[in-house]
Amino acid sequence: MASTVTATSSAFAGNNSPYMDFNDCGRKRRRRQRPNWQEFYKNGFPQEVIVIEDSASPRASPFDSTKHAASVWNGYNGGYENWTDVANGPALANGGANTQEAAATTQPFMQQTYASSLAAAAPARNSIPTAAGYRSTGMPYNGAAAATPSSTLALSTGNNLSATNAPVSSSYSTLANGMPLSPTLAVWMPMTQSMYQPPMPNATYHPEALCPRLRPRSSNSIGAALTNTAAVQPAKRKRASPPTKVERVQVPIVPDTSGLGPADFDEEDGHYKVVANTNFTSRYTILRLLGQGTFGKVVQCFDQVTKKFCAIKIIRSIPKYREASLIELRVLKTISQNDPDNENKCIQLRDYFEFRKHVCIVTDLYSWSVFDFLKSNNYIPFPAKHIQSFARQLFKSVAFLHELNLVHTDLKPENILLVSNACHAVRSPTLGFVQKILDNCDICLIDFGSATFNDEYHSSVVSTRHYRAPEIILGMGWSFPCDIWSIGCLIVELFTGQALFQTHENSEHLAMMERIIGKFDRSFVNRAARPARKMFDSKGNAMYPLSNTPRKNVKYVESLKSLEQIFAPTCMENVLLLDLLRKIFVYDPAKRITAREALWHSYFSYEIASPL
Ligand SMILES: Nc1ncnc2c1ncn2[C@@H]1O[C@H](COP(=O)(O)OP(=O)(O)OP(=O)(O)O)[C@@H](O)[C@H]1O
């Protein structure tokens, strides 16, 4: 296959966003030297995002990428209607085989007994990382314990056994109170000897007492909700029209009558020189710079026609960014055509034109990004209720995108904008310090500059490093599931305040995954591209450290906590979120949960009480 040099905005921005430079707010997550951006604009992309070989055709992808799009599309229609005009065609007719498949994946967890959740809510004896410790403080635990004679309590769907830390034993079939434990449950929970209590027949459990912040939506008990699959099934929706894809966008040129030349309004690197309070065409007035990315600058403007504020992304006047922006426009047009009322919270296209050789994309104006807010809050994690809200909205947006056959590829906190950054300060009752709490958790997904139609050309490397899925690192081809992995990384970041995989190097990244998620499956490693296989030893372990790995990096990797340690089962919301994350952080993309399946997960069927 022909060699090309391609770059993705996402991968570039992942190393260090120029926007952050612009705001003079370097990110904590970056442990390495900051790139020299002047150098970058002159010489091109950092090595990390240079793609040396084209990816295999997406159709040759080793997994059934249609599962994510097609099953969710069917779910979009309620999952009950005949629908043939989708990627999977006949498979979805007559009720939707994929929906059944999705339900089958979700079912085991839904069917778990409340007892197992109760047992899983026993406290972990592992040390808890600072941020997680912060979160778990104040979560009362009333001593429910599992009747397991061993040091491990096994709750697993078998979905991700390769990533777990201990073997399953069929002997763990009862829990406290003699309640049965399904052998096909969802999570692995560390369980120490001292947590063991003999079964107490006929005892009564009050689940709400376990975690007062978790209140069931209805008067049903949590246990009933857990076993009641209907509680989490999506409501039947009216039939939607099939998704339409915009094939071509013609960008109208707005003439420039000012008599100025490019030297007057362009910077050397092709970025537009932003000057506040100047006219930008006869319709818009530039008010201020909102952000700067690889593709261009985003400015806040006033629209003289609608008399509203808006955001305009002014693409750099360099051919490759111009080309890329045409794809972004196609994606944005496809989104607005299929969701004119913006129910799915993806940025809405309002206008587009070319002015002074810059493609300009006009969208609604939003507030800070989730990352900006996190940073302004000294990286204090978001409250559990807000994490749940962000996660739910994100999965909804991404399910919608996948139904449109689109992969976002660059999901990260910087690309999730808040509708409002209004907040109030609260003193944490347990830790004593003051933190900002958002008043409104509504968000909107932005930056479709790297979004890719699943049936079109795929760059080999996509996603910002920290949010990059293993199949991308291993050169196995990628599709919808890579977005799900990114959401997993994002959720953990909201929970701890720190990026999960703080690295800029492939083998280190894989070693981190092994520590946090679990060992790679040998058969999975065997499917990796040949050069990537060299990053593993004969036993299938990531080869790390390398001879030139700095000692401090090795120490950092060794200090990483497992998912189970991060999400200590001190309350029900942690138990449920951990279970969801275990289904997200599945190495094999074909077995990873889909966005629509995630929305059916029990984690989203509870109302978590107000923060703090
Ligand atoms: N509609 C909007 N309202 C408010 N701010 C916005 C809006 N769109 C973008 N921004 C700000 O501008 C920044 C850059 O936007 P965007 O991510 O679309 O540009 P990009 O060049 O594609 O960036 P990247 O290099 O990350 O791909 C965002 O991080 C955000 O802070």
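Scope of the values below: all heavy atoms of this structure, side chains included, with no hydrogens, waters or symmetry mates.
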**OP:** Might you work through the side chain to side chain contact (heavy atoms under 4.5 Å, CB included) test for Phe433 and Arg427, ending with a clear yes or no?
**Re:** CA-CA 5 Å; Phe433 53 73; Arg427 184 173 293 278; 5.5 Å; no
Check the pair Leu329, Phe448 against side chain to side chain contact (heavy atoms under 4.5 Å, CB included), reporting the backbone distance first and the verdict last. CA-CA 8 Å; Leu329 271 175; Phe448 291 85; over 6 Å; no
Please walk me through it: do Tyr467 and Trp485 pass ring-ring contact (aromatic ring centres under 6.0 Å, His included)?
-> CA-CA 7 Å; Tyr467 310 90; Trp485 184 277; over 10 Å; no
Should Ser367 and Phe373 be marked as a side chain to side chain contact (heavy atoms under 4.5 Å, CB included) after you check the CA-CA gap, both sets of side-chain angles, and the distance that decides it? CA-CA 10 Å; Ser367 182; Phe373 187 84; over 6 Å; no
Give the C-alpha distance, both sets of side-chain angles, the deciding distance and a yes or no for ring-ring contact (aromatic ring centres under 6.0 Å, His included) between His358 and His271. CA-CA 9 Å; His358 292 267; His271 272 296; 8.7 Å; no
I'd like to know whether Val492 forms a side chain to side chain contact (heavy atoms under 4.5 Å, CB included) with Phe567, so could you lay out the CA-CA distance, the side-chain angles of the two residues, the decisive distance to 0.1 Å, and finally the verdict. CA-CA 9 Å; Val492 179; Phe567 292 87; 4.0 Å; yes
Evaluate the criterion salt bridge (charged side-chain N to carboxylate O under 4.0 Å, His left out) for residue pair Glu564 and Arg582; output intermediate values, then yes/no. CA-CA 9 Å; Glu564 280 69 16; Arg582 271 288 167 213; 2.9 Å; yes
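You'll find the side chain of Tyr284 stays beyond 4.5 Å of the side chain of Val305, heavy atoms only. Between Leu581 and Phe495 there is no side-chain heavy-atom pair separated by less than 4.5 Å. Here the side chains of Asn344 and Val398 are not in contact, with every heavy-atom distance at 4.5 Å or above. Using a 4.5 Å cut-off on side-chain heavy atoms (C-beta onward), Gln292 and Val298 make no contact. Residues Ile516 and Ser562 fail the side-chain proximity criterion, which asks for heavy atoms closer than 4.5 Å. Counting heavy atoms from C-beta outward, Leu500 and Phe585 have side chains that approach closer than 4.5 Å. Leu406 is not listed as a side-chain neighbour of Thr452, based on a closest heavy-atom distance of 4.5 Å or more. Looking at heavy atoms from C-beta onward, Tyr352 lies out of side-chain contact with Val362 at the 4.5 angstrom threshold.
The side-chain tip of Lys307 does not point at the ring of Phe302 from less than 6.0 angstrom away and within 45° of straight on.
Taking both residues in full, the closest heavy atoms of Arg330 and Val246 are given as NE-O, 2.9 Å, listed atom of the first, atom of the second, then distance. Taking both residues in full, the closest heavy atoms of Arg592 and Val586 are given as NE-O, 2.9 Å, listed atom of the first, atom of the second, then distance. For the pair Ser376 and Lys436, the tightest heavy-atom approach, listed with the atom from each and the gap, is OG-NZ, 2.9 Å. Nearest heavy atom pair, residue Ser397 against residue Leu445, reads CB-CD2, 3.9 Å. Minimum interatomic distance between Leu349 and Lys333 (heavy atoms only, all atoms of both residues): CD2-CG, 3.5 Å. What you find for Ile380 and Val434 is that their closest heavy atoms are CD1-O, 4.1 Å.
Among the candidates Tyr321, Phe280, Phe355, the single residue satisfying the ring pair (Phe, Tyr, Trp, His ring centres under 6.0 Å) test with Tyr272 is Phe280.
Using a cutoff of 4.0 Å between basic side-chain nitrogens and carboxylate oxygens, Lys345 and Asp442 are scored as salt-bridged. For the pair Arg596 and Glu403, the salt-bridge criterion is met [side-chain N within less than 4.0 Å of a carboxylate O]. Using a 4.0 Å cut-off between charged side-chain N and carboxylate O, Asp447 and Lys313 make a salt bridge. Salt bridge status for Glu573 with Lys385: absent, with no side-chain N to carboxylate O gap under 4.0 Å.
A distance-only check finds no donor-acceptor pair linking the side chain of Gln337 to the backbone of Thr334 [under 3.5 Å]. Between the Arg468 side chain and the Ser463 main chain, a donor and an acceptor come within less than 3.5 Å of each other. Judged by distance alone, with hydrogens and angles left aside, the side-chain atoms of Gln393 form a donor-acceptor pair with the main-chain N or O of Ile443 at under 3.5 Å. Put simply, the side chain of Arg350 never gets that close to the backbone of Cys310: no donor and acceptor are under 3.5 Å apart. Looking only at distances, a side-chain donor or acceptor of Gln388 sits under 3.5 Å from a matching main-chain atom of Tyr603. No donor-acceptor distance shorter than 3.5 angstrom exists from the side chain of Asp410 to the backbone of Ala451, with no hydrogens or angles considered. Asp339 places a side-chain N or O within 3.5 Å of a backbone atom of Asn342 that can act as its donor or acceptor partner. No donor-acceptor distance shorter than 3.5 angstrom exists from the side chain of Ser450 to the backbone of Thr409, with no hydrogens or angles considered. Of the possible donor and acceptor atoms, none in the side chain of Ser605 sits under 3.5 Å from a partner among the backbone N and O of His601. With hydrogens and angles disregarded, no donor-acceptor distance shorter than 3.5 Å links the side chain of Asn454 to the backbone of Asn405.
In this structure, a donor-acceptor pair under 3.5 Å is present between the side chains of Lys412 and Thr464. At a cut-off of 3.5 Å, with distance as the only test, a side-chain donor of Thr285 or Gln304 sits close to an acceptor on the other residue. Neither side chain, Asp483 nor Ser486, offers a donor N or O lying under 3.5 Å from an acceptor on the other.
Between His509 and Phe501, the ring-plane angle classifies as tilted under the 30° and 60° cut-offs.
Residue Lys308 places its NZ atom among 12 or fewer non-hydrogen atoms of other residues, nucleotides or ligands, all under 6.0 Å distant.
Of the inter-residue distances, the one linking Leu411 atom CG with Leu394 atom CG reads 7.0 Å to the nearest 0.5 angstrom. We find the CG-SG distance between Asp364 and Cys444 to be 7.5 Å, quoted to the nearest 0.5 Å. Separation of atoms OH (Tyr606) and CG (Leu577) is listed at 14.0 Å; rounding is to 0.5 Å. Atom CG of Asp439 sits about 9.5 Å away from atom CG of Asn421, to the nearest 0.5 Å. Rounded to the nearest 0.5 Å, atoms CG (Leu365) and CD (Gln300) are 4.5 Å apart. Atoms NE2 and OG, on His402 and Ser479 in that order, are 7.5 Å from each other to the nearest 0.5 Å.
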